[in-house]
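To keep things clear, I will list the structure first and then write my remarks on it.
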Amino acid sequence: MATQKISNFLTLFAPPRPMAAFPSNLPVLTVAITGAAGQIGYSLAPLIAQGLMFGPHQKVALRLLDLGTAQDALSGVRMELLDCALPLLHSVDITADPHVAFTGADAAVLCGAFPRRPGMERQDLLLTNAGIFKQQGRVIRDAAAAHCRVLVVGNPANTNALILATSGGLNPAHVSALTRLDHNRAVGLIAARLGPTGAAHRQAVIWGNHSATQVPDVESLSSAAAPLSADDAAYFHGEFIPQVQQRGAEVMKLRGLSSALSAAKAIVDHMRDWILGSEGRVVSMAVPSAGNPYGVPAGLIYSFPVTCAAGVWHFAPGAVLTEDIKRRMDASTAELVEERTLAGL
Ligand code: NAX
């Protein structure tokens, strides 16, 4: 068992294994959503069932997983989904059993995670979540389709995804974590600051962890964009960075609840681009760092610029990193290494 664990961990240090092609002709595509009674689940399920994730002709079967205590809420979500009379919605199953949720799943979106309670140590949070994601990783390995693509949303998302990917037999390249919400926030702020003309060819990238150490970057892959004015450069090197990093906290302060609508939209964007292809666009995804061209050490799930086609992602090359961006990326790397240690890997 210990040998198995070590060898799974080592695969994260090797360049990614070839990704199994994602089939394009599934009569019904089965999607498991964990934490489905939560606020993101409630916003996400109807978007999937409307065809926004897998295309306007793909029927979907939803498997909604949540804790035993949330089964009534889950029944209500199921009723509402059926009441939407969505033609692409083949079926909705609700369960508290991961085996039921993941058996035969083609895709899985993992929102269910243990939240940080007041007074809880960071290590306790990491270890509690490690237990959840280890168990779910094993069930996905044993029961899901071999081509199953897994997106971890529940925080700490990158480290939860790392644990899932090391929990045995999963191809690490089929496991990712969500930084698309941060990416979309950056895109929105760029458009607000520069307008459509100034924003043209300006590429947003999120590097690193989905946390306050994430590195929002508008310059490294923007050589085709018009140069920034001195004022705009000062904004993007200054205020903009904490604005993206703290956007979730700001929404929470104003709404009294964390981001759900924009998180669900970002999850749809992430999975659609991964599976149907990003059509040459560069997007941010947290993926295994092995083989990356930017000097980030292997053995982490780290957010990079990527392009995707038919279920396969590739690192987007050519980013020119300033010393400031490199320093910030190193800080995010250090945080992820610390989380990995605290989580017991
Ligand atoms: P909610 O608290 O509304 O819902 C979480 C749901 O997960 C609850 O229904 C709970 O019963 C369930 N759950 C807990 N443990 C579970 C387990 N072991 N198996 C199955 N279900 C379980 O949170 P919500 O706002 O929906 O957010 C979900 C997660 O996404 C949180 O961890 C949150 O921090 C994280 N986020 C991550 C983002 C990202 O960009 N990576 C952005 C949005 C979001 O904040």
Side-chain angles (χ1 to χ4, degrees), residues 32-45 47 63-77 94-102 108-117 120 122 125-140 150-164 175-186 206 208-214 216 244-253 255-271 283-287 301-303 336 339:
I33 305 174
T34 76
Q39 22 154 28
I40 295 178
Y42 187 73
S43 297
L44 175 65
L47 300 184
R63 302 264 183 75
L64 307 183
L65 174 77
D66 210 299
L67 300 175
T69 48
Q71 294 302 299
D72 280 353
L74 220 42
S75 296
V77 174
I94 63 170
T95 182
D97 181 350
H99 289 90
V100 174
F102 294 127
V109 179
L110 309 188
C111 300
F114 196 87
R116 191 162 188 175
R117 299 254 156 85
M120 191 175 187
R122 196 154 152 253
L125 178 78
L126 283 155
L127 286 171
T128 306
N129 278 301
I132 295 171
F133 284 85
K134 260 183 209 155
Q135 188 220 10
Q136 292 186 353
R138 288 188 195 119
V139 180
I140 291 171
V150 186
L151 169 61
V152 176
V153 178
N155 279 319
N158 298 49
T159 298
N160 289 340
L162 185 77
I163 286 159
L164 190 94
V175 177
S176 61
L178 186 74
T179 50
R180 184 61 176 268
L181 176 54
D182 309 299
H183 177 102
N184 287 352
R185 286 166 172 162
I206 303 294
N209 199 2
H210 169 69
S211 76
T213 69
Q214 67 177 259
V244 178
Q245 290 168 333
Q246 302 298 335
R247 189 79 167 175
E250 193 68 12
V251 169
M252 168 82 105
K253 198 167 81 190
R255 210 170 83 86
L257 290 167
S258 56
S259 311
L261 168 70
S262 53
K265 160 67 167 57
I267 292 167
V268 167
D269 288 349
H270 177 116
M271 293 300 279
V283 294
S284 302
M285 278 172 75
V287 294
I301 301 280
Y302 194 96
S303 183
L336 285 167
E339 284 186 11

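Heavy atoms only: backbone and side chains are in, while hydrogens, waters and symmetry mates are out. For ligands, and for the atoms within them, numbers begin at 1 and follow the listed sequence.
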* Asked: Have S262 and R247 got a donor and an acceptor in their side chains that come within less than 3.5 Å?
  -> no
* Asked: How far does NE2 of H210 sit from CG of N158, to the nearest 0.5 angstrom?
  -> 8.0 Å
* Under a 4.5 Å cut-off applied to non-hydrogen side-chain atoms, are Q136 and L65 in contact? -> yes
* Asked: Which parts of the protein, at residue level, reach under 4.0 Å of ligand 1 through a heavy atom?
  -> G35, A37, G38, Q39, I40, D66, L67, C111, G112, A113, I132, Q136, V153, G154, N155, A157, L178, L181, H210, S258, A263
* Without hydrogens or angle criteria, can the side chains of D269 and N184 be said to hold a donor-acceptor pair below 3.5 Å? -> yes
* Without hydrogens or angle criteria, can the side chains of Q214 and N209 be said to hold a donor-acceptor pair below 3.5 Å? -> no
* Nearest-0.5 Å distance, CZ of residue F114 to OG1 of residue T128 -> 6.0 Å
